[in-house]
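Just so it is clear, the model here is predicted, and its values are computed rather than measured. These values consider heavy atoms only, across backbone and side chains, with no hydrogens, waters or symmetry-generated copies.
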Amino acid sequence: DIGHHQIYYPMICFCDITIHRLSEHLKVYGQYGIAFSKAWGIENGIQPLQYVNAKSALCSDFSKAFISAINNEADTAEANFLLTQMYYMKPIEGNMPRDGKDIFKNFTDECEWRFIPPVATIDLPQIVSEDDAASIGKLNDTIFDHDSCWLKFDYSDVKYIINGYADSNTGSAKRNQQ
């Protein structure tokens, strides 16, 4: 309820889950992973999300303020704050597309953190609405060409490489320590 059906913005997502919950996560998001320390994430500006109840006053007030800021089309500190706040918000639960169908998900189980690249520094829009969704491929290519927007790490920052499959007998994921 922010005045747009869909808004796109670049991000890299991380989860802060324990190893024993990894198998369930891999089934939804893919059979691989790279683990970093939380200290590394904090040092690199990765931010935990705020999960929002769609029926809460917070959600209602945010929606009203965001719509007002969009309608004013002013580049103000308040509007920029609301946009930044939106980057780090997610509903508590909802449907998400997976394998051609929607699945219901409790998003709080992900304990998600995000890195939002500073694409405005290379004169790209920070958000793209559904009207401009066709340009996403070109925007991704531009980000790829500008390492100032990358989240960089050294091999020594990697704590684990998740091995890409879940053991069906134990439900645990195989991992390799580096």
Side-chain angles (χ1 to χ4, degrees), residues 2 4 6-52 62 66 69 75 77 79-92 94 96-99 105-130 132-166 173-178:
I2 58 170
H4 291 277
Q6 293 180 335
I7 290 181
Y8 305 90
Y9 43 93
M11 71 178 81
I12 299 172
C13 300
F14 298 83
C15 64
D16 184 15
I17 59 174
T18 58
I19 294 293
H20 77 274
R21 291 184 36 220
L22 191 56
S23 206
E24 174 186 324
H25 194 78
L26 292 173
K27 289 177 188 173
V28 175
Y29 293 104
Q31 297 298 311
Y32 65 93
I34 301 173
F36 298 93
S37 71
K38 192 179 294 186
W40 175 88
I42 291 169
E43 183 66 30
N44 283 279
I46 298 168
Q47 174 67 36
L49 297 193
Q50 178 176 16
Y51 293 95
V52 180
F62 178 83
F66 192 82
D75 187 18
N80 288 335
F81 171 77
L82 289 168
L83 181 61
T84 301
Q85 182 68 33
M86 185 185 66
Y87 298 154
Y88 302 102
M89 293 175 83
K90 192 171 190 171
I92 291 172
M96 65 181 270
R98 267 303 166 248
D99 299 324
K105 187 114 174 62
N106 179 338
F107 295 119
T108 61
D109 291 344
E110 301 170 346
C111 303
E112 186 175 337
W113 293 51
R114 289 182 183 163
F115 170 78
I116 308 295
V119 297
T121 63
I122 58 170
D123 294 324
L124 289 180
Q126 195 67 48
I127 64 169
V128 175
S129 72
E130 65 268 25
D132 298 319
S135 66
I136 290 174
K138 184 173 172 43
L139 295 172
N140 283 340
D141 291 344
T142 304
I143 293 168
F144 180 80
D145 292 337
H146 288 86
D147 68 352
S148 62
C149 293
W150 299 356
L151 179 59
K152 298 174 184 158
F153 64 90
D154 292 321
Y155 292 118
S156 61
D157 296 322
V158 175
K159 299 300 175 198
Y160 298 102
I161 296 176
I162 309 306
N163 201 358
Y165 71 91
K174 188 173 181 183
R175 61 188 164 93
N176 295 324
Q177 187 168 3
Q178 297 300 306

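- Listed by first and then second residue, the side chain to side chain donor-acceptor pair (under 3.5 Å) pairs that reach into residues 141-151 come to none, sequence neighbours excluded.
- One finds the CD atom of Gln85 at 6.5 Å from the CZ atom of Phe62 (value rounded to the nearest 0.5 Å).
- The nearest pair of heavy atoms linking Cys149 to Ile122 is SG-CD1, 3.8 Å.
- At least one side-chain heavy atom of Cys13 sits under 4.5 Å from a side-chain heavy atom of Arg114.
- Summarising the geometry of Met11 relative to Ile116, their closest heavy-atom pair is CB-CD1, 3.6 Å, with the distance given to 0.1 Å.
- The two residues Thr108 and Asn106 have their closest heavy-atom pair at OG1-OD1, 2.5 Å.
- Every ring pair (Phe, Tyr, Trp, His ring centres under 6.0 Å) that Tyr9 has, sequence neighbours left out, goes to Tyr87.
- Taking a 6.0 Å sphere around CD of Glu43, one finds it holds 12 or fewer heavy atoms contributed by other residues, nucleotides or ligands.
- Atoms CG and NZ, on Asn140 and Lys138 in that order, are 12.0 Å from each other to the nearest 0.5 Å.
- Side-chain contact between Leu151 and Phe14 is present, with heavy atoms from C-beta onward closer than 4.5 Å.
- For Asp109, the side-chain hydrogen bond (donor to acceptor under 3.5 Å, both in side chains) criterion is met by no residue, not counting sequence neighbours.
- Distance check, rounded to the nearest 0.5 Å: CD of Gln50 to CD1 of Ile92 gives 10.0 Å.
- Listed by chain and number, the residues in a salt bridge (charged side-chain N to carboxylate O under 4.0 Å, His left out) with Asp16 are Lys38 (sequence neighbours excluded).
- Considering only residues two or more places apart in sequence or on other chains, Phe153 meets the ring pair (Phe, Tyr, Trp, His ring centres under 6.0 Å) condition with Phe36.
- Contact annotation: the side chain of Ile162 never approaches that of Tyr32 to less than 4.5 Å [non-hydrogen atoms, C-beta and beyond].
- Minimum interatomic distance between Pro117 and Pro10 (heavy atoms only, all atoms of both residues): CD-O, 3.4 Å.
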Go through Ile136 and Tyr8 one step at a time and tell me if the side chain to side chain contact (heavy atoms under 4.5 Å, CB included) criterion holds. CA-CA 8 Å; Ile136 290 174; Tyr8 305 90; 3.5 Å; yes

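- In this structure, NE2 in His25 is found 11.5 Å from OG1 in Thr18, a value given to the nearest 0.5 Å.
- Residue pairs satisfying the salt bridge (Lys or Arg N to Asp or Glu O under 4.0 Å) criterion with at least one member in residues 118-127, sequence neighbours excluded, are absent.
- A heavy-atom distance below 4.5 Å is found between the side chains of Phe107 and Met96.
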Quick one, Ile17 with Glu24, criterion side chain to side chain contact (heavy atoms under 4.5 Å, CB included). Give me CA distance, side-chain angles, the key distance, then yes/no. CA-CA 11 Å; Ile17 59 174; Glu24 174 186 324; over 6 Å; no

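- Annotation: side chain of Ile42 is in contact with side chain of Trp113 (closest heavy-atom distance under 4.5 Å).
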